[in-house]
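Model, not experiment: these values are computed from the prediction. Throughout, a chain's letter reflects where its sequence line sits, starting with A, and its residues are numbered from 1.
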Amino acid sequence: IAGITQAPTSQILAAGRRMTLRCTQDMRHNAMYWYRQDLGLGLRLIHYSNTAGTTGKGEVPDGYSVSRANTDDFPLTLASAVPSQTSVYFCASSDSGRGGNEQFFGPGTRLTVL
Amino acid sequence: GNSVTQMEGPVTLSEEAFLTINCTYTATGYPSLFWYVQYPGEGLQLLLKATKADDKGSNKGFEATYRKETTSFHLEKGSVQVSDSAVYFCASEGNTGGFKTIFGAGTRLFVKA
């Protein structure tokens, strides 16, 4: 593994179904993030984690949950998917604690909720 | 709260033209500023950054200068190539209450041969 991996690459999901998007990094970064990317809106932060064992809400957290059991993994769960959650989801990580930190992004998961 | 505003796209240029993509920010304190680039089908990757006033970030022929007096971080390139076609995101990282990054909406650039 090099950098950040996300799975699946894409998914079509029926409304009301539960879905977990996976994210793994091998850079030993403390901080991890989930964003959604929608046309004309840029990237919006869903949830973040500054270190293993802690999580926080971003700009658009409703309908999503996360966990951070260890440094490497940061899964995002949609408990009951709705069509408005159709989007491209990006996981990212950074070496937090210092200013000027670059975020490293995964390749994204394209999710369609019907 | 903190915010980032960048010019709307798409921007269409011919090869070798001069590029400017405007970006302004509002923030408490003095944030670090970034430009990220997203090529088709990929995640974002850092293009350049500046961490304090008057710093100039540069990479791959792109430049941006941190202007505190105008709260701006405009991206420029003297001669664009077809391979520069991508979406460009300006971003601001706050330095109070945790280092959260705010992204602009993105500007799509098309470069024609």
Side-chain angles (χ1 to χ4, degrees), chain A residues 2-7 9-10 21-25 27 29-51 54-61 74 87-110, chain B residues 1-10 21 23 25 27-53 55-57 59 64 66 73 86-108:
Chain A
I4 294 187
T5 58
Q6 292 185 235
T9 302
S10 64
L21 308 185
R22 299 185 298 278
C23 174
T24 299
Q25 54 109 354
M27 296 173 283
H29 284 164
N30 285 327
M32 296 187 75
Y33 315 85
W34 274 106
Y35 296 92
R36 58 178 290 171
Q37 183 180 28
D38 302 289
L39 191 63
L41 297 176
L43 273 73
R44 293 182 292 169
L45 182 66
I46 304 171
H47 285 287
Y48 66 94
S49 169
N50 285 331
T51 190
T54 69
T55 62
K57 294 182 179 180
E59 182 183 356
V60 288
F74 192 44
S87 187
V88 181
Y89 292 85
F90 288 99
C91 181
S93 72
S94 70
D95 184 13
S96 68
R98 297 180 290 115
N101 292 312
E102 171 186 359
Q103 289 193 19
F104 293 82
F105 285 80
T109 294
R110 183 175 295 276
Chain B
N2 296 356
S3 67
V4 173
T5 302
Q6 59 182 109
M7 62 188 289
E8 290 188 24
I21 300 178
C23 172
Y25 67 91
T28 302
Y30 302 101
S32 295
L33 301 173
F34 305 82
W35 277 101
Y36 285 84
V37 58
Q38 184 181 31
Y39 298 104
E42 299 182 8
L44 280 69
Q45 56 186 275
L46 180 68
L47 180 60
L48 54 84
K49 71 177 184 182
T51 58
K52 60 183 187 295
D55 268 4
K56 177 186 284 188
N59 185 26
Y66 190 142
F73 193 55
V87 182
Y88 293 82
F89 292 90
C90 185
S92 163
E93 180 195 57
N95 55 9
T96 58
F99 298 102
K100 294 192 186 66
T101 301
I102 305 296
F103 289 86
T107 302
R108 183 174 295 276

pair A:Phe105-B:Gln38: side-chain heavy atoms closer than 4.5 Å: no
Heavy-atom check, side chain of A:Leu43 versus side chain of B:Leu44, under 4.5 Å: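 A:Leu43 reaches B:Leu44 side chain to side chain.
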Quick check on [X] against chain B: is it the side chain, the backbone, both or neither that has a heavy atom closer than 4.5 Å?
X	result
A:Leu41	backbone
A:Gln6	neither
A:Tyr48	side chain

Nearest-0.5 Å distance that lies between atom CZ in A:Arg44 and atom CZ in B:Phe103: 14.0 Å
Shortest non-hydrogen contact between B:Phe89 and A:Gln37, atoms and distance: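 Of all heavy-atom pairs spanning B:Phe89 and A:Gln37, the closest is CZ-NE2, 3.2 Å.
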B:Leu46 to A:Glu102 - nearest heavy-atom pair and separation: CB-OE2, 3.4 Å
Residue pair B:Thr101, A:Tyr35: steps toward the side-chain contact (heavy atoms from CB on, under 4.5 Å) verdict: CA-CA 11 Å; B:Thr101 301; A:Tyr35 296 92; 4.3 Å; yes
Winner by heavy-atom pair count (cut-off under 4.5 Å) against chain B, out of A:Ala31, A:Gly108, A:Gly42: A:Gly42
Over 12 foreign heavy atoms within 6.0 Å of CD, B:Glu8: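 Incorrect, the count does not exceed 12.
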